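In what follows, a single structure is set out as structure tokens and then discussed.
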Protein chains: 2
Amino acid sequence: MTMNAAGGRRRPPTIHDVAREAGVSRGTVSRVLNGGHYVSPAAQEAVNAAIRRTGYVVNRHARSLITGRSDSIGFLLTEPQERFFEDPNFNVLLRGCTQALATHDIPLLLMLAGTEDERRRLTRYITAGHVDGVLLVSNHSGDPVAEQLREAGVPLVACGKPIGMGSKVSYVAADDRDGARDMVRHLLSLGRRRVGMVTGPLDTPGGVERLAGYQEVLAEAGFDFDERLVVSGDYSRASGEAGAERLLERAPDMDAVFVASDLMAQGVLAALHRAGRRVPQDVAVGGFDDSPAALASSPELTTIRQPWDRISAEMVRVLLAQIGGEDPAAVILPTELVKREST
Amino acid sequence: MTMNAAGGRRRPPTIHDVAREAGVSRGTVSRVLNGGHYVSPAAQEAVNAAIRRTGYVVNRHARSLITGRSDSIGFLLTEPQERFFEDPNFNVLLRGCTQALATHDIPLLLMLAGTEDERRRLTRYITAGHVDGVLLVSNHSGDPVAEQLREAGVPLVACGKPIGMGSKVSYVAADDRDGARDMVRHLLSLGRRRVGMVTGPLDTPGGVERLAGYQEVLAEAGFDFDERLVVSGDYSRASGEAGAERLLERAPDMDAVFVASDLMAQGVLAALHRAGRRVPQDVAVGGFDDSPAALASSPELTTIRQPWDRISAEMVRVLLAQIGGEDPAAVILPTELVKREST
DNA sequence: TTCTCTACTGTGAACGCTCACAGAAGCATG
DNA sequence: CATGCTTCTGTGAGCGTTCACAGTAGAGAA
């Protein structure tokens, strides 16, 4: 019986113990551990049995020391953290990435680059090779951390199309433009003819793309572009409210509005309610994101769902491919129209 | 100029390079790195300068290999994940733990034990020594993972008082009983005399404690216990709604109700509204948790705030202490009454 | 002077693994 | 019977640290 102090932990079995137990050499055990090529079935079997008997688990530190890989990846958030942690889509993303990595037996390190100090610390940590790659959630507008990592050659996959970075960085994004097209087509199919829009910030790819989709469909349908029908917002509820007020002022005959985020759409609903417009009878409202806000508002919002579960899976896939030597890639995933009460 | 293939990464400088650069030995550099005892000021200075010049970052794998520590800790979620990732308090906890660990330069590994496979995999991973300790979010009712970790002697700190585990496991929790007392005292101070309660699940410590606080204050105030005023729920909105209906039936003269969670309180508000009772004029409603639901409901909920930011900081502190050899500890933190419109 | 003590520094040996290499065994080919 | 090829196995070196130990230098005491 081994003396084991309170909280003490036995040193776990090593590859040596397994080799002795199986009657083979360390090399053979290592080969079994890493794919099992050039190992006889008999040895294979003996080693596996020994591993089971001893409860052996590979020491990743020793492995990493020699391979130079860490077999772990970082999930890096350079945005102001509050906003993201409150966003359920972000949570789905984080959860999805963790699970996707788990199937590869790769741990996820959560990295929050809130302060300047943290940014410096994490940049050093990452470039020192303590992770093999980074899943990046960033605002993309000249993010210095992302830029440094890219320069250091760290495999990187962004969530959403990055701006201001060369094509060297992979990304996975929902098809914003096509989602917007779907929504506007849907509004037209309901017979609406004066379709307004509250855009997102136009210095982000998402904001630009959603506007472009709106314009494309209206043009295809034969409408001239009416700038009175378009106001811009910043994704906040307040900006939606203000936007709707301006729209009502400039285009009182508006009978539908496509809002670039659910949160803004909540503001729009409030403004319409105050102005005495019924939704959807007088004005149909379409949102974007399928956030809980869409379900919580009344009437419930028709919206565009982004495939966050697939986005996370793809981010992991692309990152691992890139770590494996493949070139950076861009993946665009289709969105889905979710019809509810507001249209 | 070093040839550097696309995506290739230079091998970072080692302790050897620093030693050569500083004109000292590896041992001296190592001593500087680990506290700097028994190092002359001159050497200290030379090493630090060399570290800055070379951009040296310690290779944690090599260090871990010899020290046996991993200098990383796991954040383990054994609950059904959906519920927690939707809970903003959980997000505050996760964020707080990550940040608290960051100040110690310790990375946090996110571990989601959703499926049975994952549970097995993570248990092996943890007991193999790949993390030095675990921050645990669990339902505590005979959690087999937690039990195994405890038996293996892995330092463990739970969030909320665990049930069914010996005193060997540390935990940090809000003072549920005292929070409940504060709320009920508050309701009495408003002149209410028929105070009902919708409890949480009574097989959890939190549920029991909140009920106990309620009972204590009423007893102190000289009220006899009236079982018609107490119904139990399961923290869900629906159970709050059903609970309020039963309360109204059994005690129509109820003029206040303490609800053990904000989500249930939302249900209570809905039921009261349907029954034509005005809040707070006819019935005052007090919640628990200070979740966003409390702010989103109308009227806004008076509630009890749990100090999640302090809870995360304490969990990290206790865990690190335990890793450092100290005994398991229990920490109870005070709650805060947040007065809003519903009382 | 010699000895002891303290403050500091360098050295080799690990930690547990992978990888390159050497070699053995089996089998077909010249 | 040698030769080559394929499949398999063992061995030594080394990844970048820390740690124990041995040593050096200088100060103070005997």
Side-chain angles (χ1 to χ4, degrees), chain A residues 9-48 50-51 54-72 105 124-125 127-132, chain B residues 9-48 50-51 54-72 105 124-125 127-132:
Chain A
R9 289 152 87 180
R10 253 192 293 287
R11 272 215 174 254
T14 75
I15 206 173
H16 236 108
D17 302 322
V18 175
R20 188 162 13 86
E21 182 81 16
V24 298
S25 71
R26 287 163 16 241
T28 301
V29 177
S30 178
R31 275 183 288 265
V32 171
L33 253 34
N34 300 287
H37 293 303
Y38 287 94
V39 181
S40 69
Q44 181 96 245
E45 179 52 37
V47 168
N48 281 327
I51 287 176
T54 54
Y56 170 78
V57 178
V58 67
N59 182 323
R60 300 169 90 105
H61 300 302
R63 171 183 285 174
S64 292
L65 186 55
I66 189 161
T67 61
R69 285 174 289 117
S70 70
D71 291 316
S72 67
D105 202 25
R124 303 199 84 189
Y125 187 91
T127 53
H130 290 324
V131 293
D132 295 338
Chain B
R9 289 153 88 179
R10 254 192 292 286
R11 273 215 174 253
T14 75
I15 206 173
H16 236 110
D17 301 323
V18 175
R20 189 162 12 87
E21 182 81 16
V24 298
S25 72
R26 285 163 19 241
T28 301
V29 177
S30 178
R31 275 183 287 265
V32 171
L33 252 35
N34 300 289
H37 293 302
Y38 285 93
V39 181
S40 69
Q44 181 96 247
E45 178 54 36
V47 168
N48 281 326
I51 287 175
T54 54
Y56 169 78
V57 179
V58 68
N59 182 323
R60 301 170 89 104
H61 300 302
R63 170 182 288 174
S64 293
L65 185 55
I66 190 159
T67 61
R69 285 174 289 118
S70 70
D71 291 316
S72 67
D105 203 25
R124 304 199 83 188
Y125 187 91
T127 52
H130 291 324
V131 292
D132 296 336

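These numbers come from the heavy atoms of this one structure, side chains and all, not from hydrogens, waters or symmetry mates. Reminder, nothing fancy here: chain letters follow the sequence lines and each chain counts from 1. These numbers were taken from a predicted model, which means no experiment stands behind them.
Axis angle between the ends of the helix from C:dT1-D:dA30 to C:dG30-D:dC1, five pairs each and rounded to 10 degrees, works out to 70°.
For A:Ser70, the side-chain hydrogen bond (donor to acceptor under 3.5 Å, both in side chains) partners two or more places apart in sequence, or in a different chain, are A:Ser72, A:Asp132. B:Asn48 is linked by a side chain to side chain contact (heavy atoms under 4.5 Å, CB included) to B:Val32, B:Gln44, B:Ile51, B:Arg52, counting only residues two or more places apart in sequence or in another chain. Annotation: ring pair (Phe, Tyr, Trp, His ring centres under 6.0 Å) contacts of A:Tyr125 (sequence neighbours excluded): A:His130. Every side-chain hydrogen bond (donor to acceptor under 3.5 Å, both in side chains) that B:Asp71 has, sequence neighbours left out, goes to B:Arg69. With sequence neighbours excluded, the residues satisfying side chain to side chain contact (heavy atoms under 4.5 Å, CB included) with B:Ala46 are B:Ala22. Taking B:Asp105 as the reference, A:Arg121, B:Arg60 meet the salt bridge (charged side-chain N to carboxylate O under 4.0 Å, His left out) condition, with sequence neighbours excluded.
Counting any heavy atom pair closer than 4.0 Å across all strands shown, A:Arg60 reaches no nucleic acid atom.
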N/O to N/O distances under 3.5 Å, protein versus nucleotides 5-7 of chain D:
none

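For the pair A:Arg26 CZ and C:dG16 P, the computed distance is 12 Å after rounding to whole Å. Straight-line distance from the NE2 atom of B:His61 to the P atom of D:dT18: 14 Å, rounded to whole Å.
Non-hydrogen atoms lying under 4.0 Å from DNA chain C are contributed by B:Thr28, B:Arg31, all within residues 28-35 of chain B. Sorted by residue number, the members of residues 15-24 of chain B with any non-hydrogen atom under 4.0 Å from DNA chain D read B:Ile15.
Distances shown here put every side-chain N or O of B:Thr67 at or beyond 4.0 Å from the OP1 or OP2 atom of D:dT17. Distances shorter than 4.0 Å separate none of the side-chain N or O atoms of B:Thr14 from OP1 or OP2 on D:dC15.
Residue B:Ala43 places its side chain closer to C:dT9 than to any other of C:dG16, C:dT9, D:dT17. Checking D:dT17, C:dT18, D:dT11 against the side-chain heavy atoms of A:Ser25 singles out D:dT11 as nearest. Closest to the side chain of A:Ser40, from the set C:dA14, C:dG16, D:dT9, is D:dT9.
For residues 21-35 of chain A, every residue pair satisfying the salt bridge (Lys or Arg N to Asp or Glu O under 4.0 Å) rule, not counting sequence neighbours, is listed here: A:Glu21-A:Arg53.
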Tell me which donor-acceptor pairs under 3.5 Å the side chains of residues 12-19 of chain A have, and how far apart each pair is, sequence neighbours excluded?
{"residue": "A:Thr14", "atom": "OG1", "partner": "A:His16", "partner atom": "N", "Å": "3.0"}
{"residue": "A:Asp17", "atom": "OD1", "partner": "A:Arg20", "partner atom": "NH2", "Å": "2.8"}
{"residue": "A:Asp17", "atom": "OD2", "partner": "A:Thr14", "partner atom": "N", "Å": "2.8"}

